[in-house]
*Asks:* 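My questions will all concern the structure given below.
The shown structure was predicted, so the numbers you read here are calculated from the model rather than taken from an experiment. Lettering follows sequence order; numbering is per chain, from 1.
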2 protein chains.
Amino acid sequence: MYEASTQIWAVDALGALAHETRLRVFRMLVMAGHEGMIAGAIAERQGVPPSTMSHHLATLERAGLVQSERQSRLIHYRADFPGMRRLLTFLMQDCCQGVPEMCGDLFANLSCEAPQSQAANTRPDA
Amino acid sequence: MYEASTQIWAVDALGALAHETRLRVFRMLVMAGHEGMIAGAIAERQGVPPSTMSHHLATLERAGLVQSERQSRLIHYRADFPGMRRLLTFLMQDCCQGVPEMCGDLFANLSCEAPQSQAANTRPDA
DNA sequence: CCCACCTTTCTAGAAGTATCGAAATAGCGG
DNA sequence: CCGCTATTTCGATACTTCTAGAAAGGTGGG
């Protein structure tokens, strides 16, 4: 049971994604997969000065959404998949209480198969 | 395809939740269900002055996460379930590309039934 | 009509965040 | 050791958000 204290990290994670550049960077890193991208390339690709991007990457890392690893002179950034999963779990489970109207059937739109049995019970609005 | 423009509303929604008070309010409204809560009760329950809470509620409403409805002298606020669902869908589908490591099997921890044969493809995305 | 109530809008100061050039740090190759 | 490149940290400024008291806006009762 974690009522008030747990959501503090969630606030940080949400805040980290609540910025156009950072959200784009995170998406780019997701697409880049496990090998991630080099810091400089991220900055250049987004058209943002290195010092600014460094700040954004640090914010994402503090929030547990990306990880960095130095490889000789270069620093690789990659999406922190378990970290993002933690946020999604929080949103669906703790924040939304698993309410089917919000959380149910989300897989239907993914490549995964949908649990077509339930969660279609309530459909009151458009 | 919506590359750059779509995520703007997502930034607003994420930003709306990226505040301790607002996140608590949203969770409270989710738990309150469809009837929601009266503005004054929300403020009092959170120990926040009415004018401050009014701002927070307006932020959540602009972000499409709550809805308000006047009923005579009182104003009811309720969670916008489809709105939150839109955010969750964006995060899992557009932002995370449905990567199973993040998105797969999230139902297993919910009260809903889990899709037992999910993620047949490993999605070799870029 | 006026009053009491609930809520929002106004206002303004405080607090926090964004930005980016300049300087500092870290690792390599000579 | 020195220069070179990649990246971060520093510092200063602009900008945005937060907060909450005061004033205003609807709404119903008497």
*Asks:* Within the structure provided, determine whether B:Arg62 and B:Asp12 are in side-chain contact (heavy-atom separation under 4.5 Å).
*Replies:*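 Not in contact.
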
*Asks:* Any side-chain N or O of B:His55 under 4.0 Å from OP1/OP2 of C:dC10?
*Replies:*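 Looking at the OP1 and OP2 atoms of C:dC10, neither is under 4.0 Å from any side-chain N or O of B:His55.
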
*Asks:* Can you say whether the rings of B:Phe81 and B:His34 are parallel (under 30°), tilted (30 to 60°) or perpendicular (over 60°)?
*Replies:*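 B:Phe81 and B:His34: parallel rings.
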
*Asks:* Using atom CD1 of B:Ile75 as one end and atom P of D:dG26 as the other, report the distance to the nearest whole Å.
*Replies:*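 Rounded to the whole Å, the gap is 11 Å.
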
*Asks:* So what does B:Ser72 touch, heavy atoms closer than 4.0 Å: a base, only the sugar-phosphate, or nothing?
*Replies:*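 Answer is sugar-phosphate: B:Ser72 comes under 4.0 Å of backbone atoms only.
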
*Asks:* Can you tell me the distance, in whole Å, between the CD atom of A:Glu61 and the P atom of D:dT8?
*Replies:*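 Distance, rounded to whole Å: 9 Å.
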
*Asks:* Output the rounded distance in Å from CD (B:Glu69) to P (D:dT27).
*Replies:*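 Distance, rounded to whole Å: 13 Å.
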
*Asks:* Do B:Val30 and A:Cys95 have side chains that get closer than 4.5 Å, going by heavy atoms?
*Replies:*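 Answer no - side chains too far apart.
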
*Asks:* Does B:Arg22 use its side chain to pair, donor to acceptor, with the backbone of B:Gly15 at less than 3.5 Å?
*Replies:*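 Checking the backbone N and O of B:Gly15 against the side chain of B:Arg22, a donor-acceptor pair under 3.5 Å is found.
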
*Asks:* If you compare every side-chain N and O of B:Ser54 against the phosphate oxygens of C:dT8 (OP1, OP2), does one of them come in below 4.0 Å?
*Replies:*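 Result: yes.
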
*Asks:* Report yes if a side-chain nitrogen or oxygen of B:His56 is closer than 4.0 Å to either non-bridging phosphate oxygen (OP1 or OP2) of D:dT17; otherwise report no.
*Replies:*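 Negative; the distance criterion is not met.
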
*Asks:* Heavy atoms only, 4.0 Å cut-off, all strands: where does A:Pro50 land among base, sugar-phosphate and nothing?
*Replies:*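 Answer is base: heavy atoms of A:Pro50 come under 4.0 Å of a base.
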
*Asks:* Whole-Å distance between D:dT7 P and A:Arg70 CZ?
*Replies:*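 Whole-Å distance recorded here is 8 Å.
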
*Asks:* From the options C:dC6, D:dT7, D:dT8, select the nucleotide whose nearest atom is closest to the side chain of A:Tyr77.
*Replies:*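 Closest nucleotide to the A:Tyr77 side chain: D:dT8.
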
*Asks:* Rounded to the Å, how far apart are A:His76 NE2 and D:dT7 C1'?
*Replies:*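 So the NE2-C1' distance, A:His76 to D:dT7, works out to 13 Å.
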
*Asks:* Would you classify B:Thr52 as touching base, sugar-phosphate or nothing, given that sugar-phosphate means primed atoms plus P, OP1 and OP2, and contacts are heavy atoms under 4.0 Å?
*Replies:*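 If one applies the 4.0 Å heavy-atom cut-off, B:Thr52 turns out to touch a base.
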
*Asks:* To the nearest angstrom, how far is B:Asp12 atom CG from D:dT17 atom P?
*Replies:*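 Taking atom P of D:dT17 as the reference, CG of B:Asp12 is at 9 Å.
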
*Asks:* Need to verify one output field. Residue with the more 5' nearest nucleotide on DNA chain D, A:Ala58 or B:Gly15?
*Replies:*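 Final value for this comparison: A:Ala58.
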
*Asks:* What's the closest nucleotide to the side chain of A:Ser51 if the choices are D:dT9, D:dT7, D:dG21?
*Replies:*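 Looking only at heavy atoms from C-beta outward on A:Ser51, the closest nucleotide is D:dT9.
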
*Asks:* Calculate the interatomic distance between A:Ile38 atom CD1 and C:dC28 atom P; express it in whole Å.
*Replies:*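 Atom-to-atom, A:Ile38 to C:dC28, this comes out as 14 Å.
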
*Asks:* Please classify the nucleic acid contact of B:His19 as base, sugar-phosphate, or nothing, using heavy-atom distances under 4.0 Å.
*Replies:*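 Touches sugar-phosphate only.
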
*Asks:* Distance-only, no hydrogens or angles: does the B:Thr89 side chain make a donor-acceptor pair with backbone N or O of B:Arg85 under 3.5 Å?
*Replies:*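 Yes, the answer is positive, given that a donor and an acceptor are paired below the 3.5 Å cut-off.
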
*Asks:* Rounded to the nearest Å, what distance is computed from the CZ atom of residue B:Arg73 to the C1' atom of nucleotide C:dC3?
*Replies:*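 About 11 Å, once rounded to whole Å.
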
